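First up is the structure itself, then whatever we jot down about it.
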Amino acid sequence: MNKPILIAVILFLHFSSLGTAQTPSITITENTFKISALSEEVFYFGLAQGDQLIFDFEEEKGKELKEIEIIELPSSSKFTDYKTKKIENKTIDIQRTGIYKFRFANSSIGGRICKFKLQRIPFDETTRNFNTTISWRTVYDSTPVTTQERYLVRRAYVPKTIIEPSEFYVNSGRNSLFQGGKSRISLPIILPKNTVEWYYSFSASRNKEEITQTKNSFSLIGQLTKLVDNSGTLKISIDMLTKPPGGNVCDVYLLNANSRITFEEKNDFLQYPEGSRENFTSGVVRIRSTLFQNGYLGVKNPDSGYGIHVFIEAVAITMEEEWGVRDVTSYSVSTRLEAYLNQ
């Protein structure tokens with residue numbers, strides 16, 4: 001080979017070697033740390049695609065460390081070693097830019113003093129200044145939670161019969177004494193559950209046919225049902241109700257259980273004025289008090305010489321509720337720290 005050609009070959013090889021020379025490594029960290037007994041320590045760093053990672057580790061006293069792992073977040077393990085004392089120049093090729101977790105686990109009951117060194121060799125000049133420092137931010141996660149709740153489907157006022165349309169004969173005081181029969185009777189009032197108010201209609205006459213006709217033609221529950229159905233609310237006035245006909249007077253008292261006994265025994269008794277009427281020929285009485293569920297209507301014939309026929313019907317207005325069950329979705333919010341690259 002002649003001299004000019006030889007010189008050219010030497011120069012070509014020289015500049016080629018310069019062009020293919022390995023990019024100098026960059027130290028990411030050199031760290032000495034202690035791992036407490038039965039615990040672990042973790043570190044996070046960012047790496048660029050094409051980097052070559054060089055990892056060194058040593059336990060200062062030559063003791064074993066249970067596990068060392070390098071993980072590409074979120075969960076791709078790139079390197080694992082067990083029961084190790086020392087690692088020299090472990091090289092890992094980085095396929096993707098991302099955050100890498102370095103985990104050191106100690107299963108011993110004694111602590112460990114460890115040191116490790118991380119270096120990176122960039123693929124080219126474009127990633128030489130890649131920032132490997134990691135920052136943290138708070139992330140809020142919403143998780144739907146489905147529960148069941150009861151809800152009101154429908155609420156309605158419903159009339160319910162307490163005393164069916166009924167007729168009774170109440171003797172006079174003198175005749176009851178000498179001829180038998182009663183000049184006072186009591187009728188039980190048992191209010192249904194959820195009663196909000198109740199009514200009774202009353203009519204008195206010495207003429208039995210008149211009372212029988214009233215019983216057959218008059219309907220308190222029919223009137224109340226129409227009024228409630230039309231309004232959907234409880235705005236019933238006594239003036240809206242037709243009262244039955246009547247011709248002679250009676251006394252009607254609203255009693256509790258104890259007063260009923262003294263009333264029938266013709267002793268002093270207590271009455272509830274709201275539902276009591278004296279010298280009453282006929283009408284409709286509204287009672288808004290529902291303090292006691294069980295009571296009595298006491299009927300007294302005040303006439304000492306003549307018996308009397310009476311008609312009575314009682315109706316309660318109840319609040320009926322229909323309940324259903326439905327799914328309700330709410331959101332449970334939790335927070336977590338998330339690592340991110342500073343680029």
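Note: hydrogens, waters and symmetry copies are ignored here, and every other heavy atom, side chains too, is used. The model shown is predicted, which means the values in this text are computed figures rather than measured ones.
Heavy atoms of other residues, nucleotides or ligands lying less than 6.0 angstrom from CZ of F79 number more than 12. Other residues, nucleotides and ligands contribute more than 12 heavy atoms inside 6.0 Å of the CG atom of L152. Under a cut-off of 6.0 angstrom, the local environment of CG in N267 is crowded, with over 12 non-hydrogen atoms contributed by other residues, nucleotides or ligands. Atom CD of Q213 has 12 or fewer neighbouring heavy atoms from other residues, nucleotides or ligands inside a 6.0 Å radius. Annotation for E164: atom CD does not count as buried by contact number, only 12 or fewer foreign heavy atoms lying within 6.0 Å.
Remark: E274 does not engage R288 in a salt bridge, criterion side-chain N to carboxylate O under 4.0 Å. Ion pair K86/E88 flagged as a salt bridge, since at least one NZ, NE, NH1 or NH2 atom sits closer than 4.0 Å to an Asp/Glu carboxylate oxygen. At a threshold of 4.0 Å, the pair K78-E72 counts as salt-bridged, since one of the basic side-chain nitrogens sits closer than that to a carboxylate oxygen. Taking 4.0 Å as the cut-off between side-chain N and carboxylate O, R155 and E321 count as a salt-bridged pair. Salt bridge annotation for D141-R336: present, with a cationic side-chain nitrogen under 4.0 angstrom from a carboxylate oxygen. A salt bridge does not link E60 to K85: none of the charged nitrogens lies less than 4.0 Å from a carboxylate oxygen.
At a threshold of 4.5 Å between side-chain heavy atoms, the hydrophobic network of Ile, Leu, Val, Met, Phe, Trp and Tyr places F102 and F33 in one connected group. Under the 4.5 Å side-chain heavy-atom criterion for ILVMFWY residues, no single connected hydrophobic cluster contains both L270 and L254. F116 and I94 end up in the same hydrophobic cluster when Ile, Leu, Val, Met, Phe, Trp and Tyr side chains are linked at under 4.5 Å.
Under a 3.5 Å cut-off, the side chain of Q52 and the backbone N or O of P122 do not form any donor-acceptor pair. With hydrogens and angles ignored, the 3.5 Å screen pairs a side-chain donor or acceptor of N106 with a backbone N or O of S36. Looking at N248, its side chain never comes within 3.5 Å of a backbone N or O of A204 through a donor-acceptor pair. Judged by distance alone, with hydrogens and angles left aside, the side-chain atoms of E197 form no donor-acceptor pair with the main-chain N or O of A316 at under 3.5 Å.
Separating the CG atom in N301 from the CG atom in D251 is a distance of 8.5 Å, to the nearest 0.5 Å. Rounding to the nearest 0.5 Å gives a distance of 13.0 Å between OG of S39 and CZ of F104. Atom CD1 of I308 is separated from atom CG of N207 by 10.5 Å, given to the nearest 0.5 angstrom. In this structure, SG in C250 is found 9.5 Å from CG in N279, a value given to the nearest 0.5 Å. Expressed to the nearest 0.5 Å, how far OG1 of T84 lies from NZ of K66 amounts to 14.5 Å.
In this structure, R260 is not positioned above the aromatic face of F269 in the sense of NZ or CZ being under 6.0 Å from the six-membered ring centre and within 45° of the axis. A cation-pi contact, defined as under 6.0 Å to the ring centre and within 45° of the axis, links R206 to Y306.
For F168, there are no ring pair (Phe, Tyr, Trp, His ring centres under 6.0 Å) partners at least two apart in sequence or on another chain.
Looking at Y253 and E278, their side chains do bring a donor and an acceptor atom within 3.5 Å of each other. Side-chain contact annotation: S77 with T80, donor-acceptor N/O pair under 3.5 Å present. For the residue pair S276/Q271, the side-chain donor-acceptor check at 3.5 Å is satisfied. The closest side-chain donor-acceptor pair between E149 and Y151, if any, does not fall under 3.5 angstrom.
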Kindly determine whether N131 and T133 satisfy side-chain hydrogen bond (donor to acceptor under 3.5 Å, both in side chains), including the steps that lead there. CA-CA 6 Å; N131 189 350; T133 303; 3.3 Å; yes
List the steps, then state whether side-chain contact (heavy atoms from CB on, under 4.5 Å) holds for K160 with E320. CA-CA 11 Å; K160 292 186 177 180; E320 300 293 324; 3.1 Å; yes
side-chain hydrogen bond (donor to acceptor under 3.5 Å, both in side chains) evaluation trace for T126 with D124: CA-CA 5 Å; T126 62; D124 55 29; 2.3 Å; yes
Verdict with supporting geometry, S205 and E210, side-chain hydrogen bond (donor to acceptor under 3.5 Å, both in side chains): CA-CA 7 Å; S205 176; E210 288 181 1; 2.9 Å; yes
Determine, step by step, whether T27 and L118 satisfy the side-chain contact (heavy atoms from CB on, under 4.5 Å) criterion, reporting the C-alpha distance in whole Å, the side-chain angles of both residues, the deciding distance to 0.1 Å, and the verdict. CA-CA 6 Å; T27 298; L118 297 181; over 6 Å; no
Assess the residue pair V284 and I238 against the criterion (side-chain contact (heavy atoms from CB on, under 4.5 Å)); give the C-alpha distance rounded to whole Å, side-chain angles, the decisive distance to 0.1 Å, and a yes or no. CA-CA 7 Å; V284 178; I238 286 292; 4.3 Å; yes
Would T138 and L337 count as a side-chain contact (heavy atoms from CB on, under 4.5 Å) if you check the C-alpha gap in whole Å, the side-chain angles of each, and the deciding distance to 0.1 Å? CA-CA 5 Å; T138 301; L337 290 177; 3.8 Å; yes
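Ring-plane geometry between Y200 and W198 is classed as tilted, the angle between the planes lying from 30 to 60 degrees on a 0 to 90 degree scale.
Aromatic ring centres of W136 and Y340: separated by at least 6.0 Å. Between F202 and F280, the gap from one ring centroid to the other is short of 6.0 Å.
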